[in-house]
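When a residue number appears, it is its place in the shown sequence, counting from 1. Quick caveat, the model's predicted, so the values are computed rather than measured. Note that these values count all heavy atoms, side chains included, but never hydrogens, waters or copies made by symmetry.
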Amino acid sequence: MSDASRYLFPSRGSLTTSIALRAVNGKMRYTRRAIKKCTKPASNHDSKSTEPTMPLISTRSFRRSIFSMSVIRLMTTILTLIAAVLLSSCGGSSGSGMKANLDSLADDQNATESSTSSQEGWVEGVFEAPTTFRYLCANPRIGDDPATGSAYLDAVGTTTDENNWLRSWSNNLYLWYSEIEDLDPADYATSEYFDLMKSFETTASGNPKDKYHFTYDTEEWRQLSQSGITAGYGAELAILSSSPPREVVVAFTEPNTPATASDVNLARGTIIVEVDGVDVENGSDTDTLNAGLFPATTGESHEFLVRDLGTTEPRTVTIESALITQDPVQNVKVITTDSGDVGYMLFNAHLAPSELELIDAVESLSAAGVVDLVLDLRYNGGGYLDIANELAFMIAGSERATGKVFGEIQFNDKYPSTNPVTGAALEPELFHTSAQGFSASSGTALPALNLERVFVLTGPGTCSASESIINGLRGIDVEVIQIGTSTCGKPYGFYAFDNCGTTYFSIQFRGTNAKGFGDYTDGFSPTNEPSPGTALPGCFVPDDFGHALGDPFEDRLNTALAYRSNPDCPALAKAAVAHKSASTSDVLANGKIRQPFFGSLGLLRD
C-alpha cells in the first residue's frame, strides 16, 4: 500500500454509527456558520464539535468508538453519526505518513488576495504554507507515535497555531476552497474553527453541498481504520424516529461481543425501551440516553430495558462496554432457487480486514457456482476506495474489467494534473486484479464471479466507497439493480490528516467512473422511489427488522430474489413508497434528524 490512505466515507460515524433510516439527507456534522466572538475563547483541544443545545440523542453507533469516538460524533458533525442525536432528534494513514509530500508542495500557498487585517497576525486572504503551523500544539503529545514507532513531531504551540494550520491546509486542499469564508483563527476554539472551514452552499436539490466534514481522535482512528476496533457493546442501532415519540431498534450485532453474550442476547429487531431508567420514546434526559447508547470508553456499565422481536413484555439487561472488533463481512451464503444458486453477503465496512474476508467470500461463492450475487450494503458507510475497486473487479471478472477504468479523481483547480498529497500524476485508475495488501498478501490474484449484473441492497447508510462500487460497475456496463432506499450521495473523498492528536477529514477530491459520471450528490435511488437521486433499476423497499439479515424472507433480500424472474416491484414495495414519502416529510419538517458517514466513513485510499 502507498504511504497515504485515501478514503471514501460518508462521514464519521458510519464505521460505528447509528443508522437513521428515515433521514433523507446525510450529514456528518450538523455544522452552521458561527457568529464571530468578541473575546478569544479558552484553548480547546477537544476534537469533538460543539453542537447546538437540543433535546436530541447523539447519533453515534451503539458500538461507539473506544477513543474519542469523534468519528461517531461525526453525526454531530456529519454521516453515520448517522442518526444524529440518535433520539433527539465513503482514511487509513495518519498525517505523519504524508508529511514529506506535503512539505514539497503548498509553499506556493502564500496567496495574497486581500490586505485587510482585523488583528495582528491575521491578514484576510493571505495564507502561509500549512507546514509553517503543523504540529504546533496547544497540548503536544509526548512519547512515540504507535503509527510510526518514532517520536511524535508535536511541539509547544497554541490553539491559534492549530487553527492557522487548519486555515492554510483547507485553502490548499479543500475541493471548494474558494467557498470558505476566511475567518480570524484567533477568534475560535479549534473544533469550532474546523467546522467553519467548509462550504455552506447547497446543491440544486437544496441539500447541503458538503455533508461530510468530521474528525476523529487520531489513536481512535488508527485502530478503527486498520483493525476495526472501537469501544462499544457490539450492537448497531437504527434510529427509526429521532424525535419524540422516538424509536430505536437493533439493526445487527457483531459476534462474540457484550451484545451477544448469553445474559444479554440482543438481536436484530430488539427495541430499546429504556436506558438507565430514562424512557427512550419520550424521555427528556437525552444526556443519559446518549451516554448509555454510545459509551465513550470501555468498562462503562449501563442498564437497558429491551423488548425482543415477537414479544410483548420487556426485559432488563446490563451491558458493559468493551473493545469491539468489527467483522466487516458476514452471513456469506448460497441461496438455492429454481433459476440457479444465488450468492449473498453482508458487507458493512471497507476496512483493512475486509480485503481478505471478501476474497475468501468470493472464492467460496465462485466454487459454489452462483449465477447471481446479492450484495448487502445497507449499513456500509464507506472506507478504503481500493477495497471497493477490488470487490468491483471480483464481481465483474477479468473479461469485463481487466484494463478498464474503475474511476478517476479530481482535486481542486490548483492541482489539475497532480495529486497534491502523494505528488503523483493524476491518471485514470484501472480495476485492480490483485490484492493491494490491506490484509491479504499484496499481489495475490483476485478471484472473480464473472457476473453481468449484481443486486445491491441499500439504505441511507450506504455511502461513499459503497457507492463507488455501484458507479464503477456502471461505468463498464455491469447492470446494478438496487433494492432498498436511496444511498447517501457522496461522490467525494479525502485523505486523513493528523495534527496534534486529531485526525481531520475534509473533502479534497471528487470521483467519476469510466464514463465520466460522478454526479450523484443526492445518492442512487430505485426507479420507483420519488427522489432526486440518480435512478437505477430496482425497487424501493423499507428495511425489514422483523427478519434476520440474510434470511430469504427479509423484505429486501426477498424482493431481490423475486426480481430475478419478475422485474416488477412487489405490491408491498409499491405501497411503501407513498408511506415513505409522508414519513420523510414529517422528519424533514422537524429538522432534527442528522445523518453522519463512516455513519458514514467515506472514501479511503491507501
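Among residues two or more places apart in sequence or in another chain, the side-chain contact (heavy atoms from CB on, under 4.5 Å) test is passed with S364 by V332. For the side-chain contact (heavy atoms from CB on, under 4.5 Å) test, residues two or more places apart in sequence or in another chain that qualify with P552 are I335, L561.
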Go through the steps to decide whether V370 and V342 satisfy the test side chain to side chain contact (heavy atoms under 4.5 Å, CB included), and finish with yes or no. CA-CA 5 Å; V370 299; V342 177; 5.9 Å; no
Worked check of side chain to side chain contact (heavy atoms under 4.5 Å, CB included) between F524 and V456: CA-CA 11 Å; F524 291 103; V456 293; over 6 Å; no
Derivation and outcome, side chain to side chain contact (heavy atoms under 4.5 Å, CB included), residues L426 and S417: CA-CA 5 Å; L426 291 178; S417 59; 5.5 Å; no
Quick one, S466 with T462, criterion side-chain hydrogen bond (donor to acceptor under 3.5 Å, both in side chains). Give me CA distance, side-chain angles, the key distance, then yes/no. CA-CA 6 Å; S466 293; T462 306; 6.0 Å; no
Evaluate the criterion side chain to side chain contact (heavy atoms under 4.5 Å, CB included) for residue pair I470 and L536; output intermediate values, then yes/no. CA-CA 10 Å; I470 296 171; L536 296 184; 3.8 Å; yes
Are N380 and H350 close enough, and set up right, to give a side-chain hydrogen bond (donor to acceptor under 3.5 Å, both in side chains), and what steps lead you there? CA-CA 8 Å; N380 192 321; H350 293 70; 3.1 Å; yes
Passes side-chain hydrogen bond (donor to acceptor under 3.5 Å, both in side chains), Y492 versus D210? Steps please. CA-CA 9 Å; Y492 309 113; D210 185 347; over 6 Å; no
Starting from the C-alpha separation in whole Å, work towards a yes-or-no answer on side-chain hydrogen bond (donor to acceptor under 3.5 Å, both in side chains) for N419 and Y495. CA-CA 11 Å; N419 182 319; Y495 286 85; 2.8 Å; yes
Please assess K198 against E179 for the test salt bridge (charged side-chain N to carboxylate O under 4.0 Å, His left out), listing each intermediate value before the final yes or no. CA-CA 7 Å; K198 57 174 284 187; E179 296 176 15; over 6 Å; no
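V478 is listed as a side-chain neighbour of R400, based on a closest heavy-atom distance under 4.5 Å. In this structure, the side chains of V421 and Y415 stay at 4.5 Å or more apart for every pair of heavy atoms. Annotation: side chain of P542 is not in contact with side chain of D555 (no heavy-atom distance under 4.5 Å). Looking only at side-chain heavy atoms (C-beta outward), T260 and L266 stay at 4.5 Å or farther from each other. Contact annotation: the side chain of F540 never approaches that of T527 to less than 4.5 Å [non-hydrogen atoms, C-beta and beyond]. Looking only at side-chain heavy atoms (C-beta outward), L175 and Q508 stay at 4.5 Å or farther from each other. Side-chain contact check for M394 versus E363: every heavy-atom pair is 4.5 Å or farther apart. Two residues are said to be in side-chain contact when any heavy atoms from C-beta on lie closer than 4.5 Å; V371 and D341 fail this criterion.
Counting only N and O atoms by type, the side chains of N513 and N471 include a donor and acceptor under 3.5 Å apart. Residues T487 and E467 have side chains that bring a donor and an acceptor to within less than 3.5 angstrom of each other. Side chains of D543 and Y379: a donor on one and an acceptor on the other come within 3.5 Å. Counting only N and O atoms by type, the side chains of T253 and R268 include no donor and acceptor under 3.5 Å apart. Using modelled atom types and a 3.5 Å distance limit, the side chains of D386 and H432 yield a donor-acceptor pair. Judged by distance alone, the side chains of S531 and S486 do bring a donor and an acceptor atom under 3.5 Å apart. Between T218 and T503, the side chains place a donor N or O and an acceptor N or O closer than 3.5 Å (distance only, hydrogens not considered). No donor-acceptor contact under 3.5 angstrom links the side chains of N558 and Y563, judged on distance only. Side-chain atoms of Q330 and E357 include no donor-acceptor pair closer than 3.5 Å.
The shortest non-hydrogen separation linking A435 to S441 is CB-O, 3.6 Å. In plain terms, the two heavy atoms of A496 and F505 that are nearest each other are CB-CE2, 3.6 Å. For Q436 against S434, the heavy-atom pair with the smallest separation is NE2-O, 2.9 Å. Here the closest heavy-atom approach between residue I395 and residue L375 is recorded as CD1-CD2, 4.2 Å. Residues A388 and S468 come closest through the heavy atom pair CB-OG, 3.4 Å. Taking each heavy atom of G518 and P491 in turn, the nearest pair found is O-CB, 3.2 Å.
Summarising the geometry, atom CG belonging to D544 is positioned 5.0 Å from atom CD belonging to E554; distances are rounded to the nearest 0.5 Å. With rounding to the nearest 0.5 angstrom, the CG atom of L451 is 9.0 Å from the OG atom of S366. Atoms CZ and OG1, from F406 and T512 in turn, are 10.5 Å apart once rounded to the nearest 0.5 Å. In this structure, the separation between CG on L549 and CZ on R556 is 9.5 Å, given to the nearest 0.5 Å. The distance from the CG atom of N528 to the CG atom of D568 is 10.5 Å, given to the nearest 0.5 Å. Rounding to the nearest 0.5 Å places CG of L557 at 10.0 Å from CD1 of I483.
Salt-bridge check for E429 with K404: failed, with every basic side-chain N at 4.0 Å or more from each acidic carboxylate O. With respect to D498 and R222, no salt bridge is recorded, no charged nitrogen being found less than 4.0 Å from a carboxylate O. Note on R474 versus E479: no salt bridge recorded, every NZ/NE/NH1/NH2 to OD/OE distance being 4.0 Å or above.
Tested against F455 for a side chain to side chain contact (heavy atoms under 4.5 Å, CB included), the candidates D372, L373, V480 yield a single pass: D372.
Aromatic pair W221/Y504: ring centres not closer than 6.0 Å. Aromatic pair F214/F494: centroids less than 6.0 angstrom apart.
At least one donor-acceptor pair closer than 3.5 Å links the side chain of S199 to the backbone N or O of E201. No donor-acceptor pair closer than 3.5 Å links the side chain of S354 to the backbone N or O of P328. K211 places a side-chain N or O within donor-acceptor distance of the main-chain N or O of C488, the cut-off being under 3.5 Å. The main-chain N or O of N207 is found under 3.5 Å from a side-chain atom of T203 such that the two form a donor-acceptor pair. For the pair Q482 (side chain) and S525 (backbone), a donor-acceptor distance under 3.5 Å is present.
Other residues, nucleotides and ligands contribute over 12 non-hydrogen atoms within 6.0 Å of the CD atom of Q410. Around the CG atom of N256, the shell of radius 6.0 Å holds no more than 12 heavy atoms that belong to other residues, nucleotides or ligands.
The aromatic rings of H213 and Y174 sit perpendicular to each other, their planes meeting at more than 60°, with 30° as the lower class boundary.
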